[in-house]
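See structure below.
Sequential numbering from 1 along the given sequence is applied to the chain's residues.
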Amino acid sequence: MDTPASPKGHPSGHPAGHLPHHPLLDRLLAIFPQPPRFATPRRRPVDLVYGRDDSVPRGDWIALSVQHAFLALTFVVYPLVVAAAARLSPKDTADVLSTTVLVMGLATMIQCARSRFGSGYLITCVPAPNAIPLAAQALMTGGMGLLSLATLLVGLCQVGLARLMRPLQVLLPPEVCGVAMAMLGISLADTGMGQALGVTAAGATASGSLTVNLGTFAVAMTTLSIIVVMTVFASRAVKIYAVLAGATVGWVLARLTGVDAKDLGAILSQAKAVALPPLPDVTFAMDWTLMPLVVLVVLTSLLDILSATIALEKLEDSEWRKADLAGAERAVVGIGIGNILAGFSQAVPCGVSRSAIGFAASTGATARVIGFLAGALIFSSAFFPKLLVLLTQIPSAVTGGMLLYTASYMIVNGMSLILSRRMSDRRIFTVGLSIVAGLAVGVFPLHALVPSWLQPLFSTPLTFGAFMAVVLNLVFRIGISKTANVEIAPGADVYDAVRTFLEQQGNVWGAARSSVVAAIPAVTQAAELAIDPDAGAARGPLRLRARFDEAHLDVTLLYDGRELQPPARPPELDAVVDSPAAAAGVGILLVTRLADHAVFGTEHARAKILLRFDQ
């Protein structure tokens with residue numbers, strides 16, 4: 001494989017945008033209809049109020065952090081589900097709840113800190129939905145000791161596999177992550193709609209009809225309506241309170257209408273106001289039958305974390321092109337460290353909160369300082385048992401409305417990510433069939449038809465839809481050549497030949513539109529220089545070789561003629577007019593500016609120009 005040398009390691013290698021500005025070059029660059037690739041690595045969206053590294057005024061900082069913490073703490077219902085399935089005692093249930101909240105807070109602060117152990121993005125951590133079957137099975141089979149070991153293994157595997165995020169880029173291209181994101185939204189919508197309608201497993205009659213609780217539905221729609229109206233129509237100073245306002249009004253309405261008739265006073269009287277979380281007596285137990293579940297949780301978490309970091313990147317960059325794999329690696333490490341801590345504290349495994357991403361998108365606030373304070377609030381709430389018990393009593397109608405609000409963002413963001421690349425026939429079927437498979441799990445009880453160790457894979461539209469996307473992506477890569485060649489005969493229309501070749505191969509490979517659009521004028525200019533008598537003076541046909549590897553699009557031009565070399569400095573304007581060689585030098589510099597990297601040399605006694613375009 002030909003790879004462009006680094007700017008320091010090869011005198012002919014020039015990274016785009018690092019050459020000095022030149023008046024004539026700037027005029028020439030303005031002619032080419034391509035996206036602005038040289039001004040800045042990120043283009044801040046106009047609706048982004050607080051970016052990742054921005055400081056936030058104290059009032060907004062506290063308001064946003066409190067709501068992020070509130071959203072995360074609503075997911076403590078998952079440990080309760082696990083405890084109920086394992087028939088834990090009230091004391092053991094309270095202990096698992098407290099330690100899980102502690103780990104959630106610590107993992108969130110680790111994620112939001114910019115270090116080798118955290119992503120530096122606004123990521124809040126919650127009990128991982130995909131790990132609930134593992135946690136429940138571990139508790140029922142081997143008690144706390146097996147839960148601790150299973151969670152510890154998940155964390156160790158996540159930390160160990162974090163370095164594989166770059167090689168896994170081939171397995172997890174944007175359309176696969178987009179399917180995962182969209183199916184997560186559908187999974188949330190499925191759960192949220194069930195809670196909004198008040199439908200339970202017993203709600204289906206023998207004829208297949210459902211019994212809907214109209215009061216529950218009214219509370220859920222009121223909660224959702226308030227959040228949506230405030231997000232869409234309110235000013236920025238008001239919309240940051242949308243989730244808190246919707247949840248508060250929905251809960252009050254539920255109490256007034258009798259939808260929530262629980263005796264909160266009696267429930268809260270059983271919990272202490274302030275108490276230290278328990279010190280777990282850590283023991284480990286092993287059951288090899290849980291290993292398939294551990295593997296499934298680890299693999300699905302990698303896809304979930306990658307798609308979550310991509311969603312946050314897209315909120316930060318209106319011209320997003322490719323995933324920040326270094327940030328994704330750190331995010332996986334952060335979650336892994338959280339699960340290692342959970343393993344030593346007898347807590348439920350943690351994962352990424354998608355509700356937080358939806359809330360960040362609606363408020364235009366992705367500053368990591370918000371997440372850090374939210375993590376501190378989550379952590380401190382473990383010392384207030386009454387608060388935790390109160391949060392577990394939020395009516396399901398209210399949480400249903402909040403889940404529908406989050407689901408809408410996840411579905412749209414997933415579709416946007418899917419369409420960020422050219423949709424070849426192979427990718428159309430990868431996306432379409434994966435979504436159909438995920439929807440089938442949501443509609444039919446397929447998990448009851450498979451062995452117990454496979455049931456987590458069929459538990460939600462997310463798990464099975466994402467799994468099918470990965471598998472189909474691998475299957476449909478069969479028969480795709482990573483390298484393609486074409487010859488341009490002397491006298492042919494160079495631009496038309498280059499455009500046709502790159503667009504056809506871009507469709508086959510599913511290369512990013514921006515890379516193909518950027519490559520066409522750059523390769524055309526290089527070919528024109530090769531046949532220019534005052535530059536390359538090519539004899540015979542030009543040979544184009546394109547190679548795509550998910551991360552880069554490399555285009556190599558080979559010809560019989562003079563080897564081109566960039567001039568040491570841009571020529572003066574007067575020299576360009578009087579000297580054909582100086583004019584050719586400007587053309588060479590133009591090529592280096594249009595590509596992300598450019599290398600000029602020889603290959604098998606033929607002159608070579610290699611241009612790289614990052615995905």
Side-chain angles (χ1 to χ4, degrees), residues 71 74-75 77-78 80-82 85 126-133 136 177-205 208-213 216-217 219-221 223-224 227-228 250 296-297 300-301 303-304 307-308 311 351-359 394-415 418 431-450 454-469:
L71 279 172
T74 59
F75 287 91
V77 65
Y78 287 139
L80 294 181
V81 171
V82 172
V126 298
N130 62 320
I132 297 307
C177 293
V179 169
M181 196 179 302
M183 296 313 299
L184 174 66
I186 292 172
S187 298
L188 293 176
D190 182 32
T191 303
M193 187 57 70
Q195 293 180 347
L197 295 174
V199 175
T200 63
T205 65
S209 59
L210 296 176
T211 302
V212 176
N213 188 316
T216 299
F217 183 69
V219 171
M221 290 301 100
T223 301
L224 177 62
I227 297 175
V228 171
L296 285 176
V297 170
T300 54
S301 69
L303 184 58
D304 187 39
S307 57
V352 175
S353 170
R354 294 311 190 91
S355 296
I357 298 174
F359 182 55
I394 296 177
S396 61
V398 175
T399 58
M402 294 165 61
L403 287 176
L404 292 175
Y405 151 77
T406 302
S408 62
Y409 278 99
M410 292 298 100
I411 294 172
V412 172
N413 286 337
M415 292 178 177
I418 290 170
V431 172
L433 293 177
S434 300
I435 292 177
V436 169
L439 292 176
V441 170
V443 174
F444 304 106
L446 299 180
H447 67 281
L449 306 178
V450 298
L454 266 182
Q455 288 182 358
L457 184 61
F458 292 82
S459 59
T460 66
L462 166 63
T463 54
F464 192 58
F467 171 77
M468 288 302 299

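The distance from atom CG of Leu197 to atom CZ of Phe217, rounded to the nearest 0.5 Å, is 6.0 Å. Separating the OG1 atom in Thr406 from the CG atom in Leu71 is a distance of 6.5 Å, to the nearest 0.5 Å. Atoms OG1 and CG, on Thr463 and Asp304 in that order, are 11.0 Å from each other to the nearest 0.5 Å. Taking CD1 of Ile227 as the start and CG of Leu404 as the end, the distance is 9.5 Å to the nearest 0.5 Å. Within the model, atoms CG of Leu403 and CZ of Phe75 stand 5.5 Å from one another, a figure rounded to the nearest 0.5 Å. Between the CG atom of Asn413 and the SG atom of Cys177 there is a distance of 13.0 Å, given to the nearest 0.5 Å.
In this structure, Met415 and Ile411 have side chains that are in contact, with non-hydrogen atoms separated by less than 4.5 Å. Side-chain atoms of Val126 and Arg354, non-hydrogen and from C-beta on, never get closer than 4.5 Å to each other. By the 4.5 Å heavy-atom criterion applied to side chains, Pro461 and Leu439 are not counted as neighbours. Contact check for Tyr409 versus Phe359: no side-chain heavy atoms found under the 4.5 Å cut-off. The shortest side-chain heavy-atom distance between Met181 and Ile418 does not fall under the 4.5 Å cut-off. Under the 4.5 Å side-chain criterion, counting only non-hydrogen atoms from C-beta, Met468 is not in contact with Leu433.
Nearest approach of Val352 to Ala308, heavy atoms of both residues: CG1-CB, 3.7 Å. Across all non-hydrogen atoms, the minimal contact from Leu224 to Gly401 is CD1-O, 3.6 Å.
Atom CZ of Phe467 has 12 or fewer heavy atoms from other residues, nucleotides or ligands within 6.0 Å.
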Residues 186-194, side-chain donor-acceptor partners within the protein, below 3.5 Å, at least two apart:
unit_1	atom_1	unit_2	atom_2	d
Ser187	OG	Met183	O	2.9
Ser187	OG	Leu462	N	2.9
Thr191	OG1	Ser187	O	3.2

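Residues forming a side chain to side chain contact (heavy atoms under 4.5 Å, CB included) with Ala469 (at least two apart in sequence, or on another chain): Val176, Val179, Ser434.
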